[in-house]
Protein chains: 4
Amino acid sequence: MTPQPARRNEQSRRAILTAALELLTEAGYSAVTIEAIAARAGVGKQTIYRWWRGKGAVILDALADNVPEVLALPDTGDLRADLRQVLRATVAEFADPRLSATTRAITIETLADDELADQVRDRLLRPQLNAVRTRLEVAREAGQVRPDAPLDQVVELLFGPLYHRWLLRNGPLTDDYADGIVDLTLAAITPPCTCLGI
Amino acid sequence: MTPQPARRNEQSRRAILTAALELLTEAGYSAVTIEAIAARAGVGKQTIYRWWRGKGAVILDALADNVPEVLALPDTGDLRADLRQVLRATVAEFADPRLSATTRAITIETLADDELADQVRDRLLRPQLNAVRTRLEVAREAGQVRPDAPLDQVVELLFGPLYHRWLLRNGPLTDDYADGIVDLTLAAITPPCTCLGI
Amino acid sequence: MTPQPARRNEQSRRAILTAALELLTEAGYSAVTIEAIAARAGVGKQTIYRWWRGKGAVILDALADNVPEVLALPDTGDLRADLRQVLRATVAEFADPRLSATTRAITIETLADDELADQVRDRLLRPQLNAVRTRLEVAREAGQVRPDAPLDQVVELLFGPLYHRWLLRNGPLTDDYADGIVDLTLAAITPPCTCLGI
Amino acid sequence: MTPQPARRNEQSRRAILTAALELLTEAGYSAVTIEAIAARAGVGKQTIYRWWRGKGAVILDALADNVPEVLALPDTGDLRADLRQVLRATVAEFADPRLSATTRAITIETLADDELADQVRDRLLRPQLNAVRTRLEVAREAGQVRPDAPLDQVVELLFGPLYHRWLLRNGPLTDDYADGIVDLTLAAITPPCTCLGI
DNA sequence: ACGTAAGCGAGACGGTACGTCCTGTCTTCAC
DNA sequence: GTGAAGACAGGACGTACCGTCTCGCTTACGT
């Protein structure tokens with residue numbers, strides 16, 4: 001009844017994930033149907049339904065599989081430079097139609113399926129955010145960040161605006177914008193003025 | 001050929017928008033189909049297609065119609081208190097299943113339709129953001145905000161994290177969280193330390 | 001909810017019935033699927049399901065529509081000759097691959113669906129049998145048939161063996177066979193020997 | 001490659017045939033699928049395909065295996081009584097839902113598979129018909145039947161109408177009907193009136 | 001006696017068809 | 001002459017079986 005992972009055909013699995021990504025980047029979200037994925041992958045629909053809950057789960061796996069990106073942040077000692085680099089990379093990702101299409105797709109699926117949303121958070125989002133958080137912890141210990149700064153919120157202070165602007169198109173999403181967000185955020189968490197040793 | 005707005009049946013229009021909202025809050029996004037809306041509104045499908053581009057446009061109109069909320073921000077003189085109130089209201093909105101459902105729905109539609117996205121930005125998002133921006137301008141003139149603060153980015157610094165957390169479920173979305181974001185943002189834009197009159 | 005026959009598209013109806021018959025005669029029973037019928041007829045599957053209960057009902061209609069054959073039997077005055085002609089025609093029908101295919105198909109459907117079986121009996125079978133029965137009644141009044149002959153059973157005595165042999169392939173189905181059945185049947189219902197006027 | 005009958009698992013064979021019959025009588029023809037048979041028999045699907053050509057072959061074997069009925073006809077000396085008994089038994093078989101279901105099923109399979117049809121004729125039908133034919137031959141030698149009667153056709157004259165009526169539901173299938181058919185048939189083959197020694 | 005080749009239960013696989021649902025267009029009828 | 005009602009072509013959904021194909025496991029030969 002329940003499928004046995006041991007017997008799973010790795011070749012089919014890869015073909016399915018690849019087909020999903022290709023459809024997404026070549027023909028857009030609306031072209032990503034289970035039937036199209038199955039046809040392009042040369043696979044029976046049942047093979048998809050046997051291993052995934054639906055379209056969203058396939059897309060998630062495709063992303064998690066094909067995008068096991070760099071999770072370690074640069075640490076040049078210059079926090080501002082490091083954060084700018086990360087946020088500029090994120091801007092570039094949003095600007096790339098291919099990468100953007102996958103993000104758009106997984107976001108749609110996320111919005112319509114709570115269970116999927118949890119998995120996206122844990123498998124795609126958290127690792128990225130944690131990498132930034134770790135860099136901030138290092139900076140805090142180096143005295144570059146106020147010791148009482150709520151780092152989780154700070155991380156979202158960095159990414160939230162980018163995501164917001166991408167999603168809602170409230171203005172251009174440029175490197176300058178990313179730099180501006182970094183500057184604002186750093187202004188918020190830089191140790192208070194200590195002139196006169198007060 | 002082209003519909004003449006003058007002849008439009010206001011009763012049908014209201015029934016359609018109401019039906020869309022009810023379906024959304026009662027049965028969830030997946031239950032919102034043109035057929036269901038038409039059936040519940042006691043309307044022919046053609047009447048919907050005649051006046052709207054599709055499901056997304058109907059939902060947008062439904063929101064813009066039924067949620068002509070307060071756009072004027074409070075101005076108690078206390079910027080921190082005012083912003084906290086606004087962000088707490090936003091948190092409350094995200095927490096309310098009904099309001100949240102509509103936001104979720106319009107976000108999905110937005111992601112799949114660029115033209116709709118522009119309208120959502122102009123008709124729903126911008127007014128809200130501009131209200132906050134206006135309040136910040138007042139504060140800047142009152143010297144409570146650094147004169148060089150990029151207010152558009154500051155607004156997004158406030159709402160971005162909330163939206164991000166709601167969308168991606170990266171932690172609880174509480175009043176405390178909203179307060180924390182306000183505090184961080186204010187720390188970023190408060191005039192620099194001027195001890196000793198420097 | 002329930003479809004309104006008044007709005008039915010006659011063109012689609014004919015296309016569907018034609019497609020079903022063509023598939024049946026060209027590619028055989030196993031090729032007759034709802035999908036294939038819809039595709040060949042250039043019709044949505046729903047249009048088939050809206051008006052028919054399933055494949056069997058379509059085939060029945062196709063037959064009843066395209067085969068409104070001669071229901072009047074010849075009456076040359078020679079009962080034996082008339083019956084031979086009818087049974088030979090039946091044999092020819094069974095021998096024709098095209099007609100045979102449709103009969104085979106409707107028989108399969110009949111066996112799997114009681115409701116359909118009733119309709120086949122009433123719309124296809126009964127008229128044919130009644131025509132023969134009517135001829136027998138004429139003969140009976142003419143004194144060519146024993147007055148106490150159970151005509152319904154006699155009719156089945158004529159067709160039953162043909163059907164039986166066709167279905168179960170118990171020997172060749174030829175004109176001679178048909179003639180033999182007619183002769184046997186007539187032997188059974190010819191008025192008793194009245195030599196000597198007894 | 002070709003399976004070796006010597007190694008065949010008799011236990012599985014019986015389980016498969018039993019499962020097929022049970023499904024047929026308990027859940028109807030549409031429930032008889034290779035998958036269901038395999039599942040109920042606790043057997044792999046391949047074990048079925050290794051030994052049978054398909055569903056029809058399994059059903060045929062199940063019938064031939066579990067219904068090796070009496071093939072010898074009674075011979076009380078009274079031909080009419082003997083034939084009535086046989087035809088009444090046939091009527092009873094058609095009336096029994098369980099037996100009827102199997103007959104229905106094998107008939108469907110027969111109609112869609114010529115090779116199977118031949119086997120059904122040889123293994124199920126012929127023995128039964130031949131038994132009746134043998135009885136008729138005895139009667140012919142005893143002078144109870146015209147010497148020129150075509151016995152094969154006579155046998156079909158007996159069974160054809162029953163089969164016809166069962167299949168096409170053209171009226172009730174009762175003992176009276178069976179008796180009527182026997183009477184008609186006997187009327188057809190009884191030696192001609194020989195009054196006056198003509 | 002022991003390896004090896006078969007049959008076996010199990011079930012994943014590429015497919016086909018099912019019957020349902022929805023889309024966006026087109027048609028009809030009643031007001 | 002508009003608009004409700006809904007039929008239409010099309011196409012994706014998720015399910016059920018098909019017949020084939022591996023898997024390990026057991027079982028019975030043949031050396």
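Throughout, protein chains are lettered first and strands after them, A, B, ... in sequence-line order, and every chain is numbered starting at 1.
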Any side-chain heavy atom of Ile37(B) within less than 4.5 Å of one from Val32(B)?
yes
**Item:** Leu63(C) side chain near Leu21(C) side chain, heavy-atom distance below 4.5 Å
**Value:** yes
The reported gap from CZ in Arg13(B) to OG1 in Thr18(B) (rounded to nearest 0.5 angstrom) is 9.0 Å
Taken in chain and number order and not counting sequence neighbours, the residues that satisfy salt bridge (Lys or Arg N to Asp or Glu O under 4.0 Å) with Arg40(B) are Glu22(B), Glu26(B)
Q) What nucleic acid atoms does Trp52(B) come within less than 4.0 Å of, heavy atoms only: base, sugar-phosphate, or nothing? A) nothing
Does any non-hydrogen side-chain atom of Trp51(D) lie less than 4.5 Å from one of Asn9(D)?
-> no
Rounded to whole Å, the CZ-P distance (Arg40(D) to dG9(E)) equals 16 Å
By side-chain contact (heavy atoms from CB on, under 4.5 Å), Ala15(B) pairs with (sequence neighbours left out) Ala41(B)
Less than 4.5 Å apart, side chain to side chain, heavy atoms only: is that true for Val58(B) and Ile16(B)?
yes
Between Gly44(A) and Asn9(D), whichever has its closest DNA chain E nucleotide further toward 5' is Asn9(D)
Ranking Gly42(D) and Ala31(C) by the position along DNA chain E of their nearest nucleotide, the one closer to 5' is Gly42(D)
Separation of dT2(F) atom C1' from Gln11(B) atom CD, nearest Å, is 14 Å
Whole-Å distance, Ile16(A) CD1 to dA12(E) P, equals 14 Å
In whole angstroms, the gap separating C1' of dA12(E) from CZ of Arg13(A) amounts to 16 Å
Rounded to whole Å, the CZ-P distance (Arg50(A) to dA16(F)) equals 13 Å
Practice prompt. Give a yes/no answer on whether the side chain of Arg8(A) brings an N or O atom under 4.0 Å of OP1 or OP2 in dA12(E).
Written response: no
Requested in this report: Look at Thr47(C) and dA9(F) and indicate whether a side-chain polar atom (N or O) is within less than 4.0 Å of OP1 or OP2.
Outcome: yes
Quick tally for nucleotides 18-26 of chain F: nucleotides whose base has a protein heavy atom under 4.0 Å get B, sugar-phosphate-only ones S, the rest -, giving BBBBBB---
Residues passing the salt bridge (Lys or Arg N to Asp or Glu O under 4.0 Å) test with Arg14(C), sequence neighbours excluded, are Asp65(C)
Does dC8(E) have OP1 or OP2 sitting under 4.0 Å from an N or O in the side chain of Trp51(D)?
yes
Atom CG of Leu23(B) and atom P of dC22(E) are separated, to the nearest Å, by 11 Å
_Taking the side chain as everything from C-beta on, heavy atoms only, tell me whether Gln119(B) gets closer than 4.5 Å to Leu60(B)._
yes
Checklist entry - Using a cut-off of less than 4.0 Å, is there contact between a side-chain N or O of Ser12(A) and OP1 or OP2 of dA12(E)? => result no
Gln4(C) CD to dA5(F) P, in whole Å, measures 11 Å
In whole angstroms, the gap separating C1' of dC8(F) from CD of Glu10(C) amounts to 15 Å
Between its two end axes (five pairs each) the helix from dA1(E)-dT31(F) to dC31(E)-dG1(F) turns, nearest 10 degrees, through 10°
Contacts of Arg123(C) meeting salt bridge (Lys or Arg N to Asp or Glu O under 4.0 Å) (sequence neighbours excluded), chain-then-number -> Asp61(C)
